[in-house]
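To start, the structure itself, in structure tokens.
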Amino acid sequence: MAIADRSKVMDKVVALCKRRGFIFQSSEIYGGLNSCWDYGPLGVELKSTVSRLWWEEMTRKHDEIVGLDAAILMHPRVWEASGHVSNFTDPLIDCKTCKGRFRFDQLPVDESGAPVRKWRLPSGDKGESPARADNRYCPTCGSSDLSDVRQFNLMFKTFMGPVEESASVVYMRPETAQGIYVNALTIADCMRLKPPFGIAQIGKAFRNEITPGNFIFRTREFEQMEMQYFVKPGDDDRWFDFWKGERMRYVTEVLGLRPERLRFHEHGKGELAHYAKAAFDIEYEFPFGWSELEGIHNRSDFDLKQHSEFSGKLQAIFDEESKSKYIPYIIEASAGLTRAVLAVLVDSYDEDEQEGENRVIMHFHPRLAPIKAGVFPLMRKDGLPEIADELYRTLNKKWRVFYDQGGSIGKRYRRMDEIGTPFGITIDYESKEDHAATIRHRDTLEQVRVSLDQIPQWLEKRL
RNA sequence: GCGGGAGUAGCUCAGUUGGUAGAGCAUCAGCCUUCCAAGCUGAGGGUCGCGGGUUCGAGUCUCGUCUCCCGCUCCA
């Protein structure tokens, strides 16, 4: 069941995704576009299933969590308040000797002599252009043969309106969270919510990553599933722990990822981001190494304080007990949808080698499988296709089911194994007598005989 | 963005000193086949990543560009 060389799994999954219509490169007939991927018929089924399960997990299981779909383009001031304008703009330089790349402000300075090199720092968004003169060197190889400073802004810019003036510059959101923060009080009002309450959102975000890569793991256009939970200050630690537990349960029970490939990491004080009071990562062991799947953060009142200050409108909630206003704390559960899809793909991939034959199997949980069952007439004659076709039409009203009468029965099973279809339903000659079919299980290869009119219920129980 | 490697059919590849594109698998049609792929017959599919240049002629030489893989940063 296990694949000896897991490092090859990425390549195999990428190839499978292309071959069988899960995910392929954007604009491929024009040579492709770096870091952009299109989700094909099976990929979109898988992705939307993962996001639907997340949505149900949030908004159905918790009465106090409501949904939102905010615009991708937001007022530019939002990103000043959030800290993205200043923190997402990195001055970087390259070492010409060892080819390393570093942030300018993290380079060590040799104080022994008089300043030799004058640095021209590109102006930031606020128009500041600090000039500096000193002796910086490469922390790796010690060389002082360094490139000029270049400004990397991780936010995509675009223009609002037909005229490209700087006044109309807007950013594509680099995270979905801010859409929730700026609407939080409106939503609390119109839904009559008091802390603790949550707002869930699934949507695209854009980051001009310096180095995208690893298939859909890090892309410049990506999809997030975020739930921001608003609580009273003082309750935040308790809710932080609560959501840690909820999210750990989700990745194991709902996504069904193998426990041995999951680990949980609570950040120490030194590694916290500027907005976070506490952070907890859920990491998955991808073929390329341990990487973050999602994070739970205690963002304190940082975000709403910032928006209060920048907008001039206090983002606070009235507390009946104390008759005073307070800015709620935010516990954030932020997951990468496209990362979850990748984790499910590589976690499911398996090869079964017998006598030189190689069977590729995607062990999707039936709940996640893009196609739930294959319906096959054993022979393409003697009325078997008609029976199979009728069953197919019945089942396909409720689930995505695939009808196949081409090739030997074994070949049809393999085709379904490769795309992770959990059940193969075969109509044989006995079906004409007993009105039943054989259902073959993808993982166990067990076969059971189920009456034709019982099949919908039988499937229902297992999906 | 920088350094290294690569780009011929959906996939894996072949293509001889530059002479005008092939194989296997896959796909489709038909036949065969009574439960775990690759038996038979036939068919479709490539302006050789894209764009210039050299040449009578370029998959083959040259330049540019795009994309992918491996490192250097960042994070969902």
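The figures that follow rest on heavy atoms only: side chains count, while hydrogens, waters and symmetry mates do not. In what follows, every chain begins at residue 1, and chains take the letters A, B, ... in the order their sequences are listed.
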Practice item. Report the base-pairing partner of B:G64 (Watson-Crick or G-U wobble, both distances below 3.5 angstrom), or none. Key: B:C50
Point to revise | Shortest side-chain distance from A:Arg414, nucleotide among B:A76, B:C36, B:G30 | key: B:C36
Review point. Phosphate oxygens OP1/OP2 of B:C32: is one of them under 4.0 Å from a side-chain N or O of A:Lys381?
Key: no
Review point. Do A:Arg218 and B:C74 have a side chain to base donor-acceptor pair shorter than 3.5 Å?
Key: yes
Study note, to complete from the structure: A:Lys47 NZ to B:A76 C1', in whole Å, measures 14 Å
Practice item. Would you kindly check if the NZ (Lys) or CZ (Arg) of A:Arg440 is within the cone defined by 45 degrees around the ring axis of A:Phe423 and under 6.0 Å from the six-membered ring centre? Key: no
Point to revise | Distance, rounded to the nearest Å, where A:Phe22 contributes CZ and B:G10 contributes P | key: 20 Å
Check your understanding: Is B:C35 paired to anything, Watson-Crick or G-U wobble with both distances less than 3.5 Å, and if yes, which nucleotide?
Key -> none
Point to revise | Complement of B:G22, any strand, by Watson-Crick or G-U distances under 3.5 angstrom | key: B:C13
Check your understanding: When the distance from CZ of A:Arg359 to C1' of B:C35 is rounded to whole Å, what number comes out?
Key -> 13 Å
Practice item. Select base, sugar-phosphate, or nothing to describe what A:Thr426 touches, counting heavy atoms under 4.0 Å on all strands. Key: base
Check your understanding: Does the pair A:Arg339 and A:Phe222 meet the rule for a side-chain contact (heavy atoms from CB on, under 4.5 Å), with working shown?
Key -> CA-CA 9 Å; A:Arg339 282 185 183 185; A:Phe222 62 106; over 6 Å; no
Point to revise | A:Tyr413 side chain, from C-beta outward: closest of B:A37, B:A76, B:C35 | key: B:C35
Review point. Would A:His307 and A:Gln178 count as having a side-chain donor-acceptor pair, cut-off 3.5 Å?
Key: yes
Practice item. Check if the side chain of A:Arg339 and the base of B:C75 share a donor-acceptor pair of N or O atoms closer than 3.5 Å. Key: yes
Review point. How many Å lie between CD on A:Gln447 and C1' on B:C35, as a whole number?
Key: 6 Å
Point to revise | salt bridge (charged side-chain N to carboxylate O under 4.0 Å, His left out) partner of A:Asp417, the single match among A:Arg359, A:Arg412, A:Lys411 | key: A:Arg359
**Study point:** Pairwise 5' ranking along RNA chain B for A:Thr438 and A:Glu175, keeping only the more 5' one
**Key:** A:Thr438
Check your understanding: Using a distance-only test with no angle check, is there a side-chain donor-acceptor pair under 3.5 angstrom linking A:Thr426 and A:Tyr413?
Key -> yes
Practice item. Just call it for A:Thr219: base, sugar-phosphate, or nothing, with non-hydrogen atoms closer than 4.0 Å on any strand. Key: base
**Study point:** Spacing of the C1' atoms in B:G44 and B:G52 (rounded, Å)
**Key:** 33 Å
Review point. Does OP1 or OP2 of B:U27 have a side-chain N or O of A:Arg415 closer than 4.0 Å?
Key: yes
Point to revise | Side-chain N or O of A:Lys18 closer than 4.0 Å to phosphate OP1/OP2 of B:C11 | key: yes
Check your understanding: Considering only the P atoms, how many Å lie between B:U20 and B:C31, rounded to the nearest integer?
Key -> 40 Å
Point to revise | Aromatic stack A:Phe222/B:A76: centroid gap under 5.5 Å, interplanar angle under 30° | key: yes
Exercise for review: Identify whether any heavy atom of A:Phe217 sits under 4.0 Å from a base atom; if not, whether one sits that close to sugar-phosphate; answer base, sugar-phosphate or nothing.
Suggested key: base
Point to revise | Residue A:Ser334, side-chain heavy atoms: nucleotide from B:C36, B:U33, B:A76 that is nearest | key: B:A76
Review point. Got a donor-acceptor pair under 3.5 Å from the side chain of A:Arg207 to the base of B:C75?
Key: no
Exercise for review: Identify whether any heavy atom of A:Leu293 sits under 4.0 Å from a base atom; if not, whether one sits that close to sugar-phosphate; answer base, sugar-phosphate or nothing.
Suggested key: sugar-phosphate
Exercise for review: Take the protein atom CE of A:Met10 and the nucleotide atom C1' of B:C69, then report the distance between them rounded to whole Å.
Suggested key: 11 Å
Practice item. Side-chain contact test, heavy atoms from C-beta onward, threshold under 4.5 Å: evaluate it for A:Met227 versus A:Ile180 and give yes or no. Key: no
Check your understanding: Partner of B:G3 by Watson-Crick or G-U wobble geometry, both contacts under 3.5 Å, or none?
Key -> B:C70
Point to revise | Donor-acceptor side-chain pairing of A:Gln201 and A:Glu226 below 3.5 angstrom | key: no
Revision key, fill the gap. note: A:Asp417, atom CG; B:C36, atom C1'; distance rounded to Å ~ 8 Å
Check your understanding: Looking at the side chain of A:Lys411, which of B:U34, B:A37, B:A76 is the nearest nucleotide?
Key -> B:A37
**Study point:** First encountered from the 5' end of RNA chain B, between A:Glu430 and A:Glu294
**Key:** A:Glu430
Review point. Expressed as a whole number of Å, how far does the C1' atom of B:C48 sit from that of B:C28?
Key: 25 Å
Review point. If the C1' atom of B:C70 is compared with that of B:C13, how far apart are they to the nearest Å?
Key: 23 Å
Exercise for review: Please measure how far the P atom in B:A26 lies from the corresponding atom in B:G39, and state the result in whole Å.
Suggested key: 9 Å
Exercise for review: Walk me through it: do A:Arg442 and A:Met416 pass the test side-chain contact (heavy atoms from CB on, under 4.5 Å)?
Suggested key: CA-CA 8 Å; A:Arg442 174 196 67 201; A:Met416 289 296 106; over 6 Å; no
Practice item. Look at the side-chain N and O atoms of A:Gln25 and state whether any lies under 4.0 Å from the OP1 or OP2 oxygen of B:C68. Key: yes
Revision key, fill the gap. From NE2 of A:His265 across to P of B:A76 the rounded distance in Å is 13 Å
Exercise for review: Provide, to the nearest angstrom, the distance between the CZ atom belonging to A:Arg220 and the P atom belonging to B:C74.
Suggested key: 16 Å
Practice item. Pick the C1' atom in B:C50 and in B:A6, then give their distance to the nearest Å. Key: 16 Å
Point to revise | Spacing of the P atoms in B:A14 and B:C61 (rounded, Å) | key: 15 Å
Practice item. Look through every strand shown and name the nucleotide pairing with B:A29 as Watson-Crick or G-U wobble, where both distances are under 3.5 Å. Key: B:U41
Review point. On a whole-Å scale, what distance lies between the C1' atoms belonging to B:A76 and B:C69?
Key: 24 Å
